[in-house]
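We count ligands from 1, going down the list as the structure has it; atoms in each ligand are counted the same way.
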Amino acid sequence: MFSSRVANLEEYCFETINKIKCEKIEKGEEILDLGIGDPDLNPHKSIEEELVKSLKRENYNKYPPYEGIKELKLEIINYYNKIYNVKLDLDEVVILIGSKEGISHALPVICDSGDEIIITEPKYPPYETSANLWGIKCNKVKLFEKNNFLLDLNDISDKVSLNSKLMILNYPNNPTGAIANEYFFKQVIKFCKSKNILLCNDGAYNEIICSKSKPTSILSYDEEKYCFEFGTFSKTFNMTGFRIGFAVGNKKLIQGLLKVKNSFDSGQFIPIQYAAIAALKLPREYIDSNMNIYNSRKNAVKKIFKEKNILYFNSKGTFYLWCHTPLGYNDKTFAREMLEKYSVIITPGSSFGKDYDNYFRVSLTNDKETIKRVLGSMRAY
Ligand SMILES: Cc1ncc(COP(=O)(O)O)c(C=O)c1O
C-alpha cells in the first residue's frame with residue numbers, strides 16, 4: 001500500500017544519534033554534542049530585533065510573495081555584488097525555506113524520474129535521499145584526501161558524464177572542510193558545459209572559512225550564469241531554526257524551482273525574511289568574529305588530536321574537522337567509545353558515504369573550554 005521510495009529511504013543519520021543522546025540525557029548525563037552542524041552561537045541582536053519589529057508590519061501575517069520579498073532579493077543581489085563581484089537580476093534569485101528545501105525541489109526542475117545526476121562522496125546526505133525520493137539515480141564520485149578532497153574529473157567515467165544531467169558540488173565541503181579555488185571551479189565549469197551537465201554548488205559554508213581566506217562563489221567564474229548556487233543564513237548567521245536560504249544563478253533553473261515550489265509551499269514567513277535582511281546588513285566584522293571563534297576551536301581540537309595520535313584533514317573551510325579513526329577502530333566502534341567513555345557525540349564517517357567508515361566528523365559548534373576539557377580527558381590512541 002505504501003511506496004518503496006519511502007520504505008527505502010535511509011533514516012537521516014542524526015536521528016539515530018539523537019536517540020542515543022536523548023537516552024543519555026534522560027539518565028542525567030552531560031553530553032558534549034560534536035555531531036550535528038548547528039551553531040551554538042546566538043543570532044546577532046539586530047536580527048532578533050528586526051524579526052520582532054516586523055510583526056508590526058502591515059500584512060506580515062499574509063502569504064508572502066512566492067519568490068520571496070523584493071527587499072530581501074535585492075539585498076542578496078547587493079551581497080553577491082559586494083562579496084563575489086557577481087551581478088544578479090531579480091529573476092535569478094529565489095528565497096527558500098532553508099537551502100535543504102531548495103536542494104530537493106531543484107532536482108525535478110532538471111530531472112525526470114529515471115534520470116541521473118553526479119554527486120561527490122563523502123556528501124551531505126540529503127543530496128542522495130532527495131534524489132531517491134524523486135526516482136533519480138545518483139552517480140557517486142569519490143573524493144580523496146590525496147586530492148585535498150577536490151573532485152578529480154578523471155574519476156568520472158564517459159558513461160556517467162554522458163548520462164548525467166546535473167552535478168552537485170559542495171565547497172566549502174561538508175564533511176571534509178575542503179575549499180575550492182578558482183582553477184578548480186573553472187575546470188569543472190568547462191567540463192560540465194562540454195558535457196551538457198548543469199552544475200550546482202551548495203554554498204552553505206561559503207562564509208565559514210579560515211579568517212585569512214576570501215569567500216568564493218562558483219558564480220564568480222561563470223559569466224554566462226550556466227551554474228547555480230545555494231546559500232543559507234543558517235550557518236553564517238546562526239539562524240538554523242529560522243529556515244531561510246536562497247538559490248541564485250541560472251535563470252531557467254531559478255524560474256523552474258519557483259514553479260516546483262509553488263506546488264509545495266507558499267514561501268517563508270515575512271518577518272523572517274526581514275530578519276534575513278538585517279543579517280545581510282551586519283558589518284563584516286561580525287562574520288569575521290564568528291570565524292575567529294570557529295578557527296580558535298578548530299586549532300584547539302587539532303592540538304588535542306595531535307597529542308592523542310588522531311589524524312585529521314587540515315582544512316580551511318567549514319566548522320567541521322574530518323578525522324581518521326584510530327588504528328583498530330572503525331567509525332561506528334569509535335563513535336560508540338566516544339559516547340560511552342567520554343559522553344561525546346561525533347558523526348561516523350559512513351553517514352556521509354559507506355566507504356568512509358575509517359573517518360569521523362567533529363562539529364565545532366560548542367564552546368572552546370568545554371571542548372578542551374572533554375576531549376583533553378581522552379586517552380591517547
Ligand atoms: C552542505 C549543506 N548544505 C545545506 C545544508 C542545509 O542548510 P539549511 O539550514 O539552509 O537547510 C546543510 C546543513 O547542515 C549542509 O551541511
Element-labelled atoms of ligand 1 that are located less than 4.0 Å from some non-hydrogen atom of Arg243 | 8 (P), 9 (O), 11 (O)
Give a yes/no verdict on a cation-pi contact between Arg336 and Phe334, requiring under 6.0 Å between NZ or CZ and the six-membered ring centre and an angle within 45° of the axis.
-> no
Atom indices of ligand 1, in the order listed, that fall short of 4.0 Å to a heavy atom of Tyr205 = 1 (C), 2 (C), 14 (O), 15 (C), 16 (O)
Judged by modelled atom types alone, do Tyr205 and Tyr320 share a side-chain donor-acceptor pair under 3.5 Å?
-> yes
A student checking ligand 1 against Ala204 at a 4.0 Å heavy-atom cut-off should list atoms 2 (C), 3 (N), 4 (C)
Under 4.0 angstrom from ligand 1, any heavy atom of Gly245?
-> no
For Asp115, what residues pass the salt bridge (Lys or Arg N to Asp or Glu O under 4.0 Å) criterion, not counting sequence neighbours?
-> Lys165
Taking only non-hydrogen atoms of Ser234 and a 4.0 Å limit, the atoms of ligand 1 in range are 8 (P), 9 (O), 10 (O)
At a 4.0 Å cut-off, with the gap strictly under it, does some heavy atom of Glu101 reach an atom of ligand 1?
-> no
What atoms of ligand 1 come within less than 4.0 Å of a heavy atom belonging to Gly98?
-> 10 (O), 11 (O)
With sequence neighbours excluded, what pairs up with Asn148 under the side chain to side chain donor-acceptor pair (under 3.5 Å) test?
-> none
Report yes or no: does Tyr127 have a heavy atom closer than 4.0 Å to ligand 1?
-> yes
